[in-house]
Amino acid sequence: MAHNTFYNEILTDHNMNPAHKYELPDANMTLEGVNPSCGDDIILQLKVVDGVIEDGAYTGDGCAISQASADIMLDLIIGKPVEEAKRLSEIFLRMIKGKITEEEKEELEEAGILEDIAHMPARVKCAVLGWHTMEELLAEE
Amino acid sequence: MAHNTFYNEILTDHNMNPAHKYELPDANMTLEGVNPSCGDDIILQLKVVDGVIEDGAYTGDGCAISQASADIMLDLIIGKPVEEAKRLSEIFLRMIKGKITEEEKEELEEAGILEDIAHMPARVKCAVLGWHTMEELLAEE
Amino acid sequence: MTDRKTMDDQIRRDFPLIYNHPEIAYLDNAATTQKPQMVLDAVRDYYEESNANPLRGLYDLSVRATEVYEDARELTRAFINAASTEEIVFTRNASESLNLVAYSWARTFLKEGDAVLITIMEHHSNLLPWMQAAKAVGAELHYLEVDVTGLITEEMFRAALTENTKLVAMTQISNVMGVQNDVKTFARIAHENGAVFVCDGAQSVPHIPVDVQDLDVDFLAFSGHKMAAPMGIGVLYGKRDLLDRMPPFLYGGEMIEYVRRDSATYAELPHKFEAGTVNAGGAAGLAAAIQYYQTLGFDVICEREEHLSRYAMEKLSAIPYIHILGAADGAAHHGIFTFTIDGVHPHDIAAILDEDGVDIRAGHHCAQPLMKHLKTLSTTRASFAFYNTENEVDRLAESLAAVRAKMGYK
Amino acid sequence: MTDRKTMDDQIRRDFPLIYNHPEIAYLDNAATTQKPQMVLDAVRDYYEESNANPLRGLYDLSVRATEVYEDARELTRAFINAASTEEIVFTRNASESLNLVAYSWARTFLKEGDAVLITIMEHHSNLLPWMQAAKAVGAELHYLEVDVTGLITEEMFRAALTENTKLVAMTQISNVMGVQNDVKTFARIAHENGAVFVCDGAQSVPHIPVDVQDLDVDFLAFSGHKMAAPMGIGVLYGKRDLLDRMPPFLYGGEMIEYVRRDSATYAELPHKFEAGTVNAGGAAGLAAAIQYYQTLGFDVICEREEHLSRYAMEKLSAIPYIHILGAADGAAHHGIFTFTIDGVHPHDIAAILDEDGVDIRAGHHCAQPLMKHLKTLSTTRASFAFYNTENEVDRLAESLAAVRAKMGYK
Ligand SMILES: Cc1ncc(COP(=O)(O)O)c(C=O)c1O
Ligand SMILES: Cc1ncc(COP(=O)(O)O)c(C=O)c1O
């Protein structure tokens with residue numbers, strides 16, 4: 001049951017040097033997501049034009065998992081159509097429940113490193129915070 | 001821990017054929033004693049003249065132990081001075097707690113058969129009902 | 001017959017107290033049951049391998065403790081077929097479960113002039129909480145009367161409802177007469193009348209399959225200790241939309257979302273109703289007990305208990321001077337036989353039987369209004385579980401047959 | 001030093017989970033403790049030799065169960081030096097004990113315009129029940145503020161009281177800062193002010209000798225599971241004259257005297273407050289835990305915990321970027337160290353330590369108002385019991401020292 005490598009370089013790097021952690025001036029969609037039980041907090045901003053996520057960013061406070069997961073998510077979905085982002089998010093959330101195939105995992109690219117969170121139930125909420133926030137935001141369309 | 005002989009002849013006889021279970025027409029003291037938890041109920045009547053218990057009787061409902069104990073008590077105390085009855089009652093109540101000498105037990109005569117009630121905590125209240133009622137009654141003097 | 005005896009032996013071997021004490025015929029199962037080895041092992045195993053404060057810790061041991069606890073909830077959900085684990089609240093016992101509903105639902109949603117309907121056969125735990133809640137809000141407490149057989153017909157139930165009846169609380173199986181109430185029908189009628197239906201499952205869940213969705217009751221309360229689990233763990237099932245609208249009952253750690261100086265918001269179901277450190281050890285024991293029940297199966301449990309009931313009715317009713325409360329049909333008793341013997345006080349009966357190693361209960365069985373209604377102060381009760389045997393019924397009957405002679409009757 | 005190590009080994013051998021899992025450094029003792037063999041044995045022994053429904057049965061087994069249960073009460077009484085067993089109520093946990101007082105005492109005796117004084121360092125379980133009770137009766141909830149060391153002086157306490165203060169609820173030891181409040185002095189002052197004093201002993205009873213008569217508190221609440229006993233059993237001590245005047249809290253079996261259709265009278269103390277089937281198995285475990293404490297002795301327990309506290313303070317404060325809440329003096333912490341590390345979220349700290357087998361807690365520690373007051377959202381807490389060792393402190397310190405590097409700091 002050792003998860004010796006959970007805080008690996010990809011994760012810590014996204015946390016320490018996030019690519020998308022700033023305010024997005026030309027965002028046209030914004031939503032705050034909060035984990036009441038642990039205080040994680042993310043404000044997700046997207047710029048969606050003609051059904052495509054042209055840009056995205058986030059600000060917030062929280063553990064490395066919640067912050068890095070949001071950053072990794074933005075890496076994955078920026079430039080993709082909304083429908084594709086929703087599809088990937090669905091795969092990601094299924095991964096957390098331990099129910100995806102190897103091919104699906106590959107589609108998630110770096111987000112695949114969060115697979116083992118399934119063994120850390122207390123952290124699942126952290127890992128999915130950004131993704132749930134995005135789903136809610138895109139559902140608003 | 002077998003108390004095989006607890007319902008012995010002395011006990012059952014006092015229960016089935018009580019010597020003192022009736023209403024005492026010339027009683028000058030009457031008190032009802034009740035065990036709320038099991039419903040035992042005794043109305044004790046005494047005729048006390050010049051500090052001597054000249055006569056006594058009881059009526060009531062309850063288990064064999066409560067009824068026989070009252071009958072045995074009256075056998076013991078009728079004809080005795082109030083102070084002597086109080087003294088015997090004190091010995092009886094101490095016996096139930098398992099703290100008397102052999103000589104003291106002999107003073108209690110038949111009441112000594114209730115000694116083993118100490119091993120049946122749920123029945124202690126039944127055994128002492130009559131005695132407590134008498135103590136209260138005599139304390140009123 | 002050999003089959004039954006073999007099964008007897010197999011089952012009894014699972015229960016250390018019973019197996020190691022053949023001198024005892026334990027027939028007070030409606031009060032509490034004995035515990036199988038696997039339940040005791042599960043509790044011990046929890047403390048030796050997984051103990052930590054569940055729900056909050058981020059470390060492995062706390063995760064394991066949480067799993068044990070939440071797995072027990074899922075097993076419990078499946079056992080009574082609740083729609084969701086959010087509807088399963090762990091409490092200390094059935095009494096606390098019923099108090100939770102009385103404090104949180106009844107005191108919030110009942111108003112002056114409303115009526116609460118209970119039956120005269122209720123256990124004090126399904127009576128006093130409603131009496132007090134009714135008093136607190138100015139509602140009335142109505143009793144549905146029963147005759148000596150304990151049967152409640154649809155007609156009787158309809159007649160007892162009024163347009164003001166907003167809550168009905170009823171036991172599924174009486175702890176005195178063993179009679180089973182047609183909870184499914186009564187819940188439907190109560191709902192048509194706009195009332196919430198609380199089912200006291202303390203005596204039913206351990207003995208018959210209970211499906212809360214099929215019965216469509218709004219709340220169901222039961223205790224682990226009456227079904228082979230340890231003491232200190234009980235269950236409240238509640239329909240999610242009702243639980244959702246109810247305020248918390250006990251306040252403290254684990255049941256909150258945000259706490260500010262002057263206000264607070266509360267955790268999601270079911271945690272909203274579980275204040276303070278939970279009883280994960282007890283839940284582990286309850287889970288094992290449910291697994292024990294599932295392995296044995298209600299087919300077997302019901303068959304055995306029904307057989308014992310018929311057999312006991314046959315043996316007991318042959319004893320002179322005995323009067324058994326409730327139905328004449330043994331199978332209708334669900335293992336519960338409450339009786340009196342002419343001329344012998346129930347306490348003396350129990351004490352004399354104790355001298356023979358036969359453990360039965362005497363008193364008011366926490367149902368004083370019923371006792372009064374049936375015009376008796378106190379009675380004696382033998383109650384069977386699936387691990388009891390014909391031989392124990394025989395011992396009971398023999399002991400009882402001798403009671404009057406021992407008391408000096410000729 | 002060899003003496004200490006020998007003692008370490010002796011003690012740890014008593015705790016199966018600890019002894020069988022040397023890979024785990026269990027440092028979340030303020031949340032719940034591990035259980036010694038003799039406690040697990042006592043629970044099992046109860047179920048294998050004495051299990052029945054206590055208090056009512058007339059047969060031997062029920063008498064034995066009653067003895068186990070009431071002996072536990074007597075041991076508990078002696079442990080906190082209560083005047084009488086009537087003052088010892090068994091509950092599920094400290095939270096329930098506090099809710100009992102809040103429902104039964106506070107909602108009965110507090111009036112509009114009265115004030116309840118608590119401190120900002122209270123655990124949610126000693127905060128929310130008062131917040132709700134105050135709201136229900138229209139009383140005010142006042143907070144006594146503390147600075148970062150957590151110290152409450154007599155002056156501060158006097159200043160926080162008003163003539164309307166009718167109830168003071170205070171923890172004896174903070175579960176966040178480990179600071180000990182001078183409950184004896186504050187109880188005296190509260191009494192002079194005409195207020196009732198409720199002491200939350202959840203973190204003190206397991207760690208220091210507590211004498212309720214010496215402290216002269218009116219109520220004391222604590223949990224078995226934080227002092228080596230099983231989960232599911234807690235204690236409320238209350239002064240007899242207060243308990244006597246309080247209405248019951250939970251209603252049901254075992255807590256009554258007479259029940260009539262529309263009214264009831266209640267059993268004597270302490271049974272009046274123990275509705276439904278009691279947790280005799282849990283009480284057996286608590287009794288064994290108390291005996292374990294008594295055999296080891298508070299001399300040894302306090303010496304060991306104080307030693308660990310000093311040692312931990314020395315090791316932890318040497319780590320760069322760490323900030324420890326509360327006093328600078330290790331001994332003032334009673335084994336509780338709550339801290340932050342710059343740039344690393346507490347949840348990540350706990351998760352990284354878990355990877356090293358070091359079990360600590362992260363979060364708000366059920367004290368959100370205190371966290372806010374101290375201007376932090378969430379912190380990390382290591383908490384020691386007498387069975388912890390220097391070696392475990394070393395493991396904690398080493399793990400913590402590596403956290404920032406693991407998170408990518410250079
Ligand atoms: C100071 C304090 N009070 C009360 C409690 C509540 O104890 P329990 O969760 O056992 O009810 C705790 C434990 O978490 C505590 O630390
Ligand atoms: C019908 C019924 N309801 C409720 C209860 C209360 O159960 P507990 O004492 O476990 O709370 C009992 C058990 O005595 C019972 O028989």
Side-chain angles (χ1 to χ4, degrees), chain C residues 16-17 24 28 31-32 34-35 40 44 47-49 51-53 56-61 92-96 99 123-125 128-129 132 141 143 223 225 230-233 250-253 256 258-259 261-262 264 275-277 279-282 347 350-351 354 359 361-363 366 368-369, chain D residues 16-17 24 28 31-32 34-35 40 44 47-49 51-53 56-61 92-96 99 123-125 128-129 132 141 143 223 225 230-233 250-253 256 258-259 261-262 264 275-277 279-282 347 350-351 354 359 361-363 366 368-369:
Chain C
L17 188 142
I24 296 176
D28 193 15
T32 199
Q34 299 305 330
K35 320 302 175 197
L40 303 179
R44 182 162 210 132
Y47 286 117
E48 293 192 348
E49 294 299 332
N51 178 55
N53 202 316
R56 298 233 152 261
L58 296 170
Y59 50 87
D60 218 57
L61 207 54
R92 182 177 41 208
N93 52 27
S95 300
E96 197 198 351
N99 275 276
H123 186 279
H124 294 158
S125 294
L128 289 168
Q132 294 302 325
L141 184 65
Y143 284 88
S223 289
H225 72 90
M231 290 160 153
I233 185 99
L250 299 178
Y251 294 86
I256 60 98
Y258 287 118
V259 176
R261 287 184 177 221
D262 288 303
T277 301
N279 184 357
H347 286 183
D354 178 41
D359 294 356
R361 172 135 314 198
C366 298
Q368 288 183 351
Chain D
L17 189 143
I24 296 176
D28 193 14
T32 198
Q34 299 305 331
K35 319 303 173 198
L40 303 180
R44 180 160 210 133
Y47 286 116
E48 293 192 349
E49 295 297 332
N51 178 57
N53 203 315
R56 297 232 153 262
L58 295 171
Y59 50 87
D60 217 58
L61 207 54
R92 181 175 45 209
N93 54 26
S95 300
E96 197 199 350
N99 276 277
H123 187 280
H124 293 158
S125 294
L128 290 167
Q132 294 302 326
L141 184 65
Y143 284 88
S223 289
H225 72 91
M231 292 160 153
I233 186 102
L250 300 178
Y251 294 85
I256 60 99
Y258 286 116
V259 177
R261 286 184 177 220
D262 287 303
T277 301
N279 184 357
H347 286 184
D354 178 41
D359 294 357
R361 172 135 312 198
C366 299
Q368 288 183 351

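Note that the structure is predicted; figures quoted are calculated from it, not measured. Computed over heavy atoms, backbone and side chain alike; hydrogens, waters and symmetry mates excluded. In what follows, chains are A, B, ... by sequence order, proteins preceding strands, each numbered from 1.
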> Which bit of D:Y143 is near chain C, if near means a heavy-atom gap under 4.5 Å: side chain, backbone, both or neither?
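It is the side chain, since no backbone atom gets that close.
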> With only heavy atoms counted, which part of C:I256 is less than 4.5 Å from chain D, the side chain, the backbone, both or neither?
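For C:I256, side-chain heavy atoms alone lie under 4.5 Å from chain D.
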> Only pairs of heavy atoms separated by less than 4.5 Å count here; which of D:P230, D:A264, D:G282 has the most with chain C?
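Highest number of pairs under 4.5 Å: D:P230.
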> I need the minimum non-hydrogen distance between D:L250 and C:R92, along with the two atoms involved.
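What the structure gives for the nearest pair is CD1-NH2, 3.2 Å.
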> Tell me, for C:H123 versus chain D, whether the close heavy atoms (under 4.5 Å) come from the side chain, the backbone, both or neither.
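C:H123 touches chain D through side-chain heavy atoms alone.
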> Which atoms of D:T277 are under 4.5 Å from chain C, going by heavy atoms: the side chain, the backbone, both sets, or neither?
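When you check distances to chain C, atoms from both the backbone and side chain of D:T277 fall under 4.5 Å.
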> Grab the two heavy atoms, one from C:A280 and one from D:M231, that are nearest each other, plus how far apart they are.
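So the minimum-distance heavy-atom pair works out to N-SD, 3.5 Å.
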> Pick from C:T32, C:L128, C:V259: which one has the most heavy-atom pairs with chain D under 4.5 Å?
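With the most close heavy-atom pairs to chain D, the winner is C:V259.
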> Would you say C:K35's side chain and C:H225's backbone share a donor-acceptor pair under 3.5 angstrom?
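Present.
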> Looking only at heavy atoms, which two atoms of C:N53 and D:A31 are closest? And how far apart?
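Residues C:N53 and D:A31, closest heavy atoms: ND2-O, 3.0 Å.
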> Side chain from CB out, backbone as N, CA, C, O: work out which of these in D:L58 comes under 4.5 Å of a heavy atom of chain C, or both, or neither.
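Both backbone and side chain.
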> For C:S125 versus D:G253, what's the shortest heavy-atom pair and its separation?
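It is OG-N, 2.9 Å.
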> Counting heavy-atom pairs under 4.5 Å with chain C, which one of D:L141, D:D359, D:D262 comes out on top?
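It is D:D359.
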> Is D:N93 close to chain C through its backbone or its side chain, or both, or neither, when contacts mean heavy atoms under 4.5 Å?
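Contact with chain C involves the side chain of D:N93 alone.
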> Less than 4.5 Å apart, any side-chain heavy atom of C:H124 and any of D:Y251?
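A side-chain contact is absent here, since even the closest heavy-atom pair is not under 4.5 Å.
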> Please determine, among D:G281, D:A362, D:A275, the option with the most heavy-atom pairs under 4.5 Å with chain C.
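Maximum pair count with chain C is reached by D:A275.
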> Do D:Q132 and D:N99 have side chains that approach each other closer than 4.5 Å (heavy atoms only, starting at C-beta)?
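D:Q132 does not reach D:N99 side chain to side chain.
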> Would you indicate whether the side-chain heavy atoms of D:L61 and C:D28 approach each other to under 4.5 Å?
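They are not in contact (no side-chain heavy atoms under 4.5 Å apart), so the answer is no.
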> Is it the backbone or the side chain of D:I233 that comes under 4.5 Å from a heavy atom of chain C, or both, or neither?
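Answer is neither: D:I233 stays 4.5 Å or more from chain C.
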> Between C:S223 and C:A94 (side chain of the first, backbone of the second, donor and acceptor by atom type, cut-off under 3.5 Å), is there such a pair?
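Yes; judged by distance alone, with no hydrogens or angles, the pair exists.
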> What part of C:E48 is in contact with chain D, defined as an atom under 4.5 angstrom from a non-hydrogen atom: side chain, backbone, both or neither?
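Both backbone and side chain.
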> Using non-hydrogen atoms only, which part of D:Q34 is less than 4.5 Å away from chain C: side chain, backbone, both, or neither?
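Both backbone and side chain of D:Q34 come within 4.5 Å of chain C.
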